[in-house]
Every structure is written in structure tokens, then in C-alpha cells.
Amino acid sequence: MSTLLIKNIGSLVTSPDSEIKKGKKQGELLFLEDAYILCEEEKIKEIGHGDLPQADEVIDAQGCLVTPGLVDPHTHLVFGGWRQNEMAMKLSGAGYLDILKAGGGILSTVKATREASKEELYFKAKEALDEMLELGTTTCEAKSGYGLDLKEEVKQLEVIRELNEKHEMDLVATFLGAHAYPEEYKSDHEAYVEQVCDMIPYIAEHGLAQFCDVFCETGVFNVEETRKILLKGQEYGLRSKIHADEIDAIGGSVLAGELHAISAEHLIVCNAEGIRALSQGNVIACLLPATSLYLSADFAKARQMIENDVAIALGSDYNPGSCPCLNLQLVMTLACQKYRMRPEEVLNAVTINAANAIGRAEQVGSLETGKQADIVLWNAKDLNYICYRMGSNLVKQVIKKGKTVA
Ligand SMILES: [Zn+2]
């Protein structure tokens, strides 16, 4: 069995265990100085300091900071086309409807995704994953939701599965057939909700997704429709996620609590009732500050959530419309500046809480004996520095399953 020793770690910072961190524990971390990590094959065999064990390969961390690999719990990774023209249109005063009329908006991504071959989608998403690894992300969630019929949703989910098999990144798939109403169903929403429910058995039985997500929002899927789809998912073993309270608080977060969703996403306008429901339902709040920045929208009330015992995870929301950004380091800085989260709280939000939000906390999200050796060495001495140096990539080296990948 091959072994790898990372020695001379100035500061090793990690969640001490795999539990969800909420309330006062949101910022609970273990700090070890002058530490080493011994990996055996894909796993962490030992963490310690003092006398160094023998190993086949040795990496000298030269006194730097070491953390778990980052986990991105919310991406729309697989899509066709880009929408850079919309940015220019918005800047010259075009409204939402003007953009739709010009063939833009989410349905233009649906069209481009349907037109793209599996290979095209695969290589485009692969490039994004390469970039994410370089930025320290070693596990990510990826949603479908630009196909909007069985064949096309399956095409996206199969690309995610193939990437999970072939790429160094670990991917976790979420079925988001209820992302928008496709053109064909724009005047018959009820029939599309039925369609989505009918897609679930095939997707679950073929192991194409682990979670079912719905965009619960004014003009998209209402609470009743969301409940129907998510319950059907649960019947087939897909745990629930909800895009909730992004623009209007129509009850998505309350439903997330009621259905014990594993996570609720966005939550920009989540009110006290919604926060209470998340807390009672033990739902992880998956906040996406880069999207708020990109849309010039408000920022979720993270401090109020932490005070009310709601665990926070942070994601990129990488997608071609509202957030063409996959950099979790930028997300970490935004969380400090805009959510007033402390760096310790932020690190748990992009590691162990994010891993819990996608059901992977047993494997990744913290540095512990027996867990996967997903490790980032930083060009930094401490955690504050990563959050402080907005916009730079401070990754020095990325170890995935015991091997250097970036
Ligand atoms: Zn999203």
C-alpha cells in the first residue's frame, strides 16, 4: 500500500468531527500546529505531530496552512452555451422581458443544452471542474435542470455520472427537472408538474441522482407543486432540496422544514417564520453570496440564521445566468464581508456543513483518520488570510484521494 506524508504543516485547521455545525458550533474548529498527515492509498491514516512516520512519498508543507478540500454543495455544472450578451443588454437598460424577447434567459440555456451533444457537455463541464480543482474544490454537487424533459434531463445526469467516474472531482447529482417550465408547457403548468413526477422513477431506479430539487418561486413552482414533486422524490429515495426564498418568501423555507429537506438554497428573503422552520426541520441553509453580488440583490441574513441554530453551508451556484462564478475562495470572502460570518464559521460552511448538505460527510469535509485524503495546502499562514485576500487564488497544492491533482 502506498503512503504519502505531508510534513511541516504550520497550521492544520479542520472541523474536529463530521457533525453538522450550527449555532455556536458553526465556528468550532480544531487547530493543530507543526502537524503532519499520513495518507495510505486514498485515505488519511494518521494525523499527529512530533516524530515523523516513514512514507513512500513526502511533501514538505513548509509551514503553510492546511485544510480539508473545499466542498461546493450547489452548482448547475452541466449546461450548453453562455449568456454574456445579457450582461451587456442589462447594462444598456434592457429589462427581463426584453431579454426573453431577444431569446435570452434560462430557456436559451435549455435550448443550447438540448442542442449540445453529450460529448460537448462533458468537455465543457470538465473544464469547469479542472478550474474548480485548481481553486481548492475537491467535491461538488451538480444539478440537472436545463433539459426539462426525460431524455434531456437524463442526458445531463449521465454526463454528471461520467464525470464522477472519470474526473478527479467527486460529484453528487441532483435532479432539478422542476427548474423552469419548458416552452412546450408554458400554458399548462399542471401537466409539466405531472411530467416531472413521471421522470422520477426512471432517474431514481437508474441511480442517476441522489437528491431532488425544485425552484420554488413566484412565477415558477408554487408550494403545492413543490411539495408534490419532492414527496414523489422521497417516495423513490431522493432526498429533498429546495431553491427557496430567493426573490419572494412564498413558503419554500417553511416547506423545507416540513419535509425535512437536507438543505434549502438561496434564502435571500427568508423571514423569521422560515428560519424557525429550517431550525426545527434541521435543514442546512445553503447560502450563495456570489449570486447576490452578481444580481445586485440583497444578502441572506446569515447571522440571524446562526443565532437561531440553523447550520450554514456556502456554495458557488455556478450557472450561466445568475452566477457564472465557481470560485469558493471568493465566496468565502463575500460571506465574511456581506454575511458578517467569521472565517472559522466560513471554513465549516465550505467543508463539513457543505459535505453534510450533500450527504457526503462520512467521506469528506474534515481531516480525520479514516476519511478520504482530500487536502488543500495554501499559500497562507492562517485562515484569516484566505478570507481576506479577495479575488486571488491562494491554493498551493491540492491532494485528492491521496494524490496531487493541482
Ligand atoms: Zn441554483
Side-chain angles (χ1 to χ4, degrees), residues 71-83 86 105-110 113 125 128 132 137 139-148 153 156-157 160 171-181 196 209-221 226 229-230 233 238-250 252-253 255-256 261-270 278 283-295 297-300 312-328 330-331 334-335 349-350 353-354 357-358:
V71 178
D72 192 339
H74 186 135
T75 84
H76 301 258
L77 175 77
V78 180
F79 54 85
W82 291 101
R83 284 157 50 191
E86 289 175 28
I106 185 169
L107 292 180
S108 71
T109 298
V110 171
T113 306
M132 286 162 81
T137 303
T139 298
C140 77
E141 184 255 17
K143 302 175 196 295
S144 67
Y146 296 118
L148 309 185
E153 287 290 306
Q156 274 189 277
L157 291 168
I160 294 168
L171 290 100
V172 177
T174 297
F175 169 58
L176 179 58
H179 194 191
Y181 289 101
V196 172
Q210 215 175 323
F211 301 102
C212 182
D213 194 346
V214 175
F215 190 10
C216 182
E217 190 55 68
T218 304
V220 198
F221 297 87
T226 304
I229 294 164
L230 292 178
L238 304 182
R239 282 195 74 182
S240 307
K241 288 177 172 281
I242 308 185
H243 280 64
D245 301 353
E246 182 180 358
I247 300 157
D248 294 319
I250 63 167
S253 46
L255 180 66
I262 192 164
S263 66
E265 329 291 304
H266 288 291
L267 302 169
I268 292 174
V269 295
C270 187
L278 296 176
V283 182
I284 298 173
C286 186
L287 306 183
L288 310 166
T291 310
S292 286
L293 178 79
Y294 203 75
L295 295 177
D298 289 335
F299 285 81
I312 310 279
L314 292 163
S316 69
D317 195 21
Y318 175 61
N319 77 77
S322 59
C323 193
C325 167
L326 42 69
N327 184 346
L328 277 184
L330 178 63
V331 166
L334 290 175
V350 291
N353 280 1
I358 57 171

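All figures in this text were calculated on a predicted structure; none of them were measured in a lab. Quick note: residue numbers are just sequence positions, from 1. Whatever order the structure lists them in is the order used to number ligands and atoms, beginning at 1.
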Checklist entry - N/O/S of His266 less than 2.8 Å from the Zn ion (ligand 1)? => result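 It does not: His266 brings no N, O or S atom closer than 2.8 Å to the Zn ion (ligand 1).
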
Exercise for the section: Measure the acute angle between the ring planes of Phe79 and Tyr146, then classify it against the limits of 30° and 60° as parallel, tilted or perpendicular. Expected result: perpendicular

Worksheet item: Parallel, tilted or perpendicular: which describes the rings of His243 and His74, with under 30° parallel and over 60° perpendicular?
Response: perpendicular

Taking atom types as modelled, is there a side-chain donor on Asp245 or His266 under 3.5 Å from an acceptor on the other?
->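 No - no donor-acceptor pair under 3.5 Å links their side chains.
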
Sorted by chain and number, sequence neighbours left out, side-chain hydrogen bond (donor to acceptor under 3.5 Å, both in side chains) with Arg239 holds for none

Calculate the angle formed at the Zn ion (ligand 1) by NE2 in His243 and OD1 in Asp317; 10° precision is enough.
->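 Rounding to the nearest 10 degrees gives 160°.
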
Restricting His76 to its N/O/S atoms, the closest one to the Zn ion (ligand 1) is NE2

